[in-house]
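Some notes on the structure that comes next.
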Amino acid sequence: MKTAIITGITGQDGAYLAKLLLEKGYQVIGLSRDLLNCNVKNLEYLQIAEKVHLIELNLLDLSRVSRVIEKFEPDEIYNLAAQSSVGSSFDNPIDTLEYNTTSVANFLESIRKINSRIKFYQASSSEMFGYIKEENLPIKESLIFHPVSPYGVSKASAHWLSVNYREAYGMFTACGILFNHESALRGENYVIKKVINNAVRIKNGLPAHLQLGNLAIKRDWGYAPKYVEAMWLMLQDDVPGDYIICSGEAVSLESFIHKVFQQLNLDVEKYVSINPGLLRPLDLPVIYGDNTKAKKELGWEYNLNTDALIHTLIEDEMQWLEWNLSQSFASQSKAGI
Ligand code: NDP
């Protein structure tokens with residue numbers, strides 16, 4: 001039986017990846033900053049909370065990171081924990097830089113000293129590319145980074161650290177450069193989750209409130225459960241590398257929202273408003289990638305176009321909403337309310 005450590009297991013990708021690895025017969029060790037207050041809702045929703053071994057760990061503490069690796073002797077480590085919001089990184093640049101880079105250095109150093117055969121996955125991001133000239137689209141792995149947010153800078157730094165340990169010490173470090181990917185488990189402050197969640201709530205006659213910032217941005221949005229398959233594939237390869245994981249299609253937020261409301265037969269004008277307070281200091285106008293390398297070298301499959309993605313996200317959100325309502329009904333009954 002293989003053992004995998006997943007940092008950030010309570011997040012969207014961590015939960016889906018844990019489910020995938022359990023299905024493949026792995027023992028899964030999940031790390032979280034604060035077990036008492038961490039949100040295990042995603043794991044409960046996927047019915048895997050009891051099947052993973054959760055450990056509390058401050059990833060900024062090198063000696064504790066090393067101890068966990070010594071104790072569990074993992075075959076693979078998937079490093080997904082991060083301050084992952086671009087918007088929040090402008091409010092908390094120092095915390096973002098410190099957490100997103102020092103945690104990676106701690107893992108790489110620990111692996112180098114304890115067992116350099118452990119395979120390491122780093123969650124890199126399309127935000128590392130930043131400003132893109134039209135002629136460089138779609139983005140390929142070879143494009144030079146020019147991040148435009150503290151988050152992008154932190155991810156670029158963590159990415160190069162991982163590459164550096166691969167080149168300097170021959171370690172197996174693979175970086176998945178993922179473009180935006182969504183699901184019902186996505187954090188509620190992310191725009192696609194906000195749109196789908198509010199639209200589904202409106203459809204179900206529940207209170208909803210949809211205020212948005214810049215609708216002109218064009219992004220490459222994909223489906224999270226398919227993207228975690230690529231993470232696993234990267235660590236099964238004989239040779240480590242960096243791979244862009246994306247849908248390959250760019251769509252404006254405005255068009256995405258219209259398609260969501262159209263699929264639900266709702267009037268978009270009635271429910272969506274613009275809040276200038278939600279505009280960012282810097283926003284990339286358009287970004288989309290080329291997933292040829294991942295498909296060719298890893299055998300990764302992805303065939304969802306925007307309409308199919310929206311259809312899937314709406315279906316998932318309906319199930320998620322139903323599950324949440326049943327959970328709050330169950331806890332109210334327990335409390336005798
Ligand atoms: P989440 O935002 O869901 O966060 C992952 C986990 O990181 C959380 O469950 C939490 O775990 C920990 N975390 C959250 N906030 C902080 C913070 N401020 N400081 C330290 N730790 C924090 O991420 P996703 O699952 O969406 O993404 C996984 C990884 O992939 C992240 O590194 C992200 O940056 C990267 N990525 C994501 C993309 C996407 O579209 N989703 C695109 C490209 C890259 P706990 O509290 O239990 O410790």
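In listed order, ligands and their atoms are each counted from 1. All values derive from a computational prediction rather than experimental measurement. FYI, the numbering just counts along the sequence from 1.
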query: Which bit of Glu127 is near ligand 1, meaning a heavy atom under 4.0 Å away: side chain, backbone, both or neither?
result: neither
query: Does ligand 1 have an atom under 4.0 Å from some heavy atom of Glu182?
result: no
- line: atom 28 (C) of ligand 1: of Thr7, Leu80, Val86, the nearest heavy atom sits on Leu80
message: If you take the nearest heavy atom of each of Gln122, Arg33, Glu98, Arg219, which one is closest to atom 10 (C) of ligand 1?
response: Arg33
query: Any heavy atom of Tyr227 sitting closer than 4.0 Å to ligand 1?
result: no
field: Nitrogen or oxygen atoms of Tyr151 and ligand 1 under 3.5 Å apart
entry: yes
field: For atom 37 (C) of ligand 1, the protein heavy atom that lies nearest, with its residue and separation
entry: His181 CE1, 3.7 Å
Over all atoms of both residues, closest heavy-atom pair of Asn291 and Cys246: ND2-O, 2.8 Å
Glu229 bridged to Lys226 by N-O distance under 4.0 Å: yes
N or O contact, Asn180 vs ligand 1, cut-off under 3.5 Å: no
field: Candidates Ser125, Ser154, Ser124 - the one meeting side-chain hydrogen bond (donor to acceptor under 3.5 Å, both in side chains) with His159
entry: Ser124
- prompt: For Ser149 and Glu127, does a side-chain donor sit closer than 3.5 Å to a side-chain acceptor?
  reply: no
query: Angle class for the Tyr227/Trp300 ring planes (parallel below 30°, perpendicular above 60°, tilted otherwise)?
result: perpendicular
message: Is there a polar contact, in the sense of an N or O pair closer than 3.5 Å, between Leu178 and ligand 1?
response: no
- prompt: Which option, Gly30, Gly11, Gly187, Gly176, owns the non-hydrogen atom nearest atom 3 (O) of ligand 1?
  reply: Gly11
message: Any carboxylate oxygen within less than 4.0 angstrom of a Lys/Arg side-chain nitrogen, looking at Glu317 and Arg201?
response: no
- prompt: Any N or O of Ser126 that comes nearer than 3.5 Å to an N or O of ligand 1?
  reply: no
- request: Indicate whether any N or O donor in one side chain lies under 3.5 Å from an N or O acceptor in the other, for Asp34 and Asn37.
  value: yes
query: Is any N or O atom of Asp34, backbone or side chain, closer than 3.5 Å to an N or O atom of ligand 1?
result: no
Short side-chain to backbone donor-acceptor contact, Asn42 and Thr10, under 3.5 Å: yes
task: Would you kindly specify which portion of Ser124 sits under 4.0 Å from ligand 1, judged on non-hydrogen atoms: side chain, backbone, both or neither?
output: backbone
Which atom of Ile244 lies closest to which atom of Ile139, heavy atoms considered: CD1-O, 3.3 Å
statement: In ligand 1, the atoms that come under 4.0 Å of a heavy atom of Ser32 are 45 (P), 47 (O), 48 (O)
message: Strictly below 4.0 Å, N to O, side chains only: are Glu109 and Arg112 in salt-bridge contact?
response: yes
- request: Indicate yes or no: does an N/O atom of Ala82 lie under 3.5 Å from an N/O atom of ligand 1?
  value: yes
task: Measure Lys155 to ligand 1 on non-hydrogen atoms and call it side chain, backbone, both or neither using the 4.0 Å cut-off.
output: side chain
- request: Report yes if some N/O of Leu31 lies less than 3.5 Å from some N/O of ligand 1; otherwise report no.
  value: no
